Structure formats: C-alpha cells, structure tokens
Amino acid sequence: MRIILIGPPGAGKGTQCQRLIDLLKVPHLSTGEMLRAAVKAGTPEGLQAALAMNEGKLVPDPLIVGMVTRRLEARDCRDGCLLDGFPRTLPQAEILDDLLERRAMSVDGVIELAVPRDELIRRMLARKRDDDDPAIFARRIASFEEQTAPLLEYYDRQGKLACIDGLGTADEIFERVKVAVTRFERATKGR
Ligand code: AMP
C-alpha cells in the first residue's frame, strides 16, 4: 500500500503515522524528518533547506523531489510506503504521480487529518516546541491552507481521498484511519 497522510501542523500526524506503519509494515517517509536530518548533518541540501525552514517556508521543489525520489527507489519501498509531508502542493502531487507511473506504481489512498485552526493554535500553545514560535506556526498553518487545499481536491477527484475527523483520542482517530485503509485496500483490488 502506498498511502499519503496529510494534515496541518499540530494535527497529530506523528502519532497516527507511527500506528499506520506498525499496521501496514511499510517504511515511513517523512520529508520533515529527512530535511531535519540533512540540516543536522550539514549537507549541502540541508544548508539550502534550512534557509526556507527557518522562515516557515517550503523548501524548493527540486530539492525535495530529489530526496523523495531517492527514497522511493530504495528496495524497502518496493511494496509500499507511508508518505508524510510530501506532496504538499499540487505541482508536487503531479510530479509524484508521474514519478510513480514511470515505475508502474501509484498512490493507493490519501488520508486527510482534519483539525480546525482554533484547535491547532490551542494545541501549539499547550506543547511549545522549539519551532513553535507563534508567528512561524501561524505562517505554517496559512501555508498549509493555501497550498495543500488544491492538493486535497486533486486526490478527491481521483476518488482517493478519505477525510478524517482529527478530533478525539489517538485511539478514536486511529479507528477512523483503519476504516479508510480498508476502503483503499478494496479500491486497489478493484483497479
Ligand atoms: P514538517 O515536519 O512536515 O512540518 O516539515 C517541516 C518543514 O520542512 C516545513 O515547514 C518545510 O519548510 C519543509 N518541508 C517538509 N516537507 C516539504 C515539502 N514536501 N515541500 C517543501 N518543503 C517541505
């Protein structure tokens, strides 16, 4: 299964991703984590990414696409993966479809973890991480709303989107995630 998990910053994606990779037994491809590792290692890609990340902006497409392509081509991703943080924009979604198609692969399903903006701000204020400067956090939410909404429409038109209520306990949310995965499995068999 090749699944994408999409949600605004602070939606609880990390928790659900962890549970999903345990369930599906596929690698977790988090572009945020890959980028943070590159920044920490001080690689040329990391240095370039840090410029955008420090301002709460998206890093340039060629950089992120290069990283994801290398990862998708790795042996452990042959039977599937969980994409987290990529694609983030419509052009990235189109690039991904193209990339997968050329390798006779496709996206099986997309899960949107929907959480209202007020709740995201409340959670951010309650947890306070290093990159949780309120102004930067607000910019990340705005960037999500502007750039990711067209992406959801794109997958909805393909019949691949499952929008899940991101309010409730981690267990309750994961039950909804599992229902979506079962739906994707049925749809994939029918394709
Ligand atoms: P995340 O942990 O997914 O919120 O990602 C942290 C930061 O990494 C984002 O604020 C962006 O600057 C950058 N980033 C992660 N994924 C992408 C992507 N698909 N395209 C562009 N920038 C990204």
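What you are looking at is a predicted structure, and each value in this text was computed from that prediction instead of being measured.
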Do you know which two heavy atoms are closest between [X] and [Y], and how far apart they sit?
X	Y	value
Leu63	Ala49	CD1-N, 4.1 Å
Phe144	Pro9	CB-CD, 4.2 Å
Cys77	Pro27	SG-CG, 3.9 Å
Pro150	Glu146	CD-O, 3.4 Å
Asp79	Arg2	C-NH2, 4.1 Å

Side chains of residues 53-61: which donor-acceptor partners sit under 3.5 Å, not counting sequence neighbours?
unit_1, atom_1, unit_2, atom_2, d
Asn54, ND2, Ala50, O, 3.2
Glu55, OE1, Lys57, NZ, 2.9
Asp61, OD1, Gln92, NE2, 2.8

Share the residues that join Phe174 in a hydrophobic cluster, the rule being Ile, Leu, Val, Met, Phe, Trp or Tyr side chains under 4.5 Å apart at the heavy-atom level.
->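 Met1, Ile3, Leu5, Leu20, Ile21, Leu23, Leu24, Val26, Leu82, Ile111, Leu113, Ile164, Ile173, Val177, Val181, Phe184, listed by chain and number.
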What about [X] and [Y], same hydrophobic cluster or not, with Ile/Leu/Val/Met/Phe/Trp/Tyr joined at side-chain heavy-atom distances under 4.5 Å?
X	Y	answer
Leu35	Phe137	no
Val179	Ile4	no
Leu151	Leu100	yes

Between [atom1] of [X] and [atom2] of [Y], what distance do you get to the nearest 0.5 Å?
X	Y	atom1	atom2	answer
Leu120	Arg117	CG	CZ	8.5 Å
Gln16	Arg176	CD	CZ	9.0 Å
Ile136	Ser143	CD1	OG	12.5 Å
Met34	Arg70	CE	CZ	9.0 Å

Between [X] and [Y], does any side-chain N to carboxylate O distance fall below 4.0 Å?
X	Y	answer
Lys178	Glu175	yes
Glu119	Arg123	yes
Asp98	Arg102	yes
Arg19	Asp171	yes
Arg71	Glu33	no

Are Asp97 and Tyr155 close enough that a side-chain donor and a side-chain acceptor fall under 3.5 Å?
->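 Note: Asp97 and Tyr155 side chains miss the donor-acceptor criterion.
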Quick one: which residue pairs count as a side chain to side chain donor-acceptor pair (under 3.5 Å) with a foot in residues 20-30, not counting sequence neighbours?
->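 As it turns out, the side chain to side chain donor-acceptor pair (under 3.5 Å) pairs with a partner in residues 20-30, which skip direct neighbours, are His28-Asp84.
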Side chain to side chain, Leu167 and Pro116, heavy atoms closer than 4.5 Å |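 Touching, per the 4.5 Å side-chain cut-off.
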Are any non-hydrogen side-chain atoms of Asp108 and Lys160 less than 4.5 angstrom apart?
-> no
Out of Ile6, Leu29, Val68, which residue meets the side chain to side chain contact (heavy atoms under 4.5 Å, CB included) rule with Phe86?
-> Val68
For side-chain contact (heavy atoms from CB on, under 4.5 Å), just list the numbers for Thr31 and Arg88, CA-CA rounded to whole Å, side-chain angles, deciding distance to a tenth of an Å, and then say yes or no.
-> CA-CA 10 Å; Thr31 45; Arg88 264 230 200 359; 4.3 Å; yes
Donor-acceptor contact below 3.5 Å, side chain Thr89 vs main chain Gln147 | no
Between the side chain of Thr69 and the main-chain N/O of Val65, is any donor-acceptor distance below 3.5 Å?
->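 Present.
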Mark yes when over 12 heavy atoms from residues, nucleotides or ligands other than Arg186 sit less than 6.0 Å from its CZ; otherwise mark no.
->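 No, the 6.0 Å shell around CZ holds no more than 12 heavy atoms from other groups.
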Does atom CD of Glu101 have more than 12 heavy-atom neighbours from other groups under 6.0 Å away?
-> no
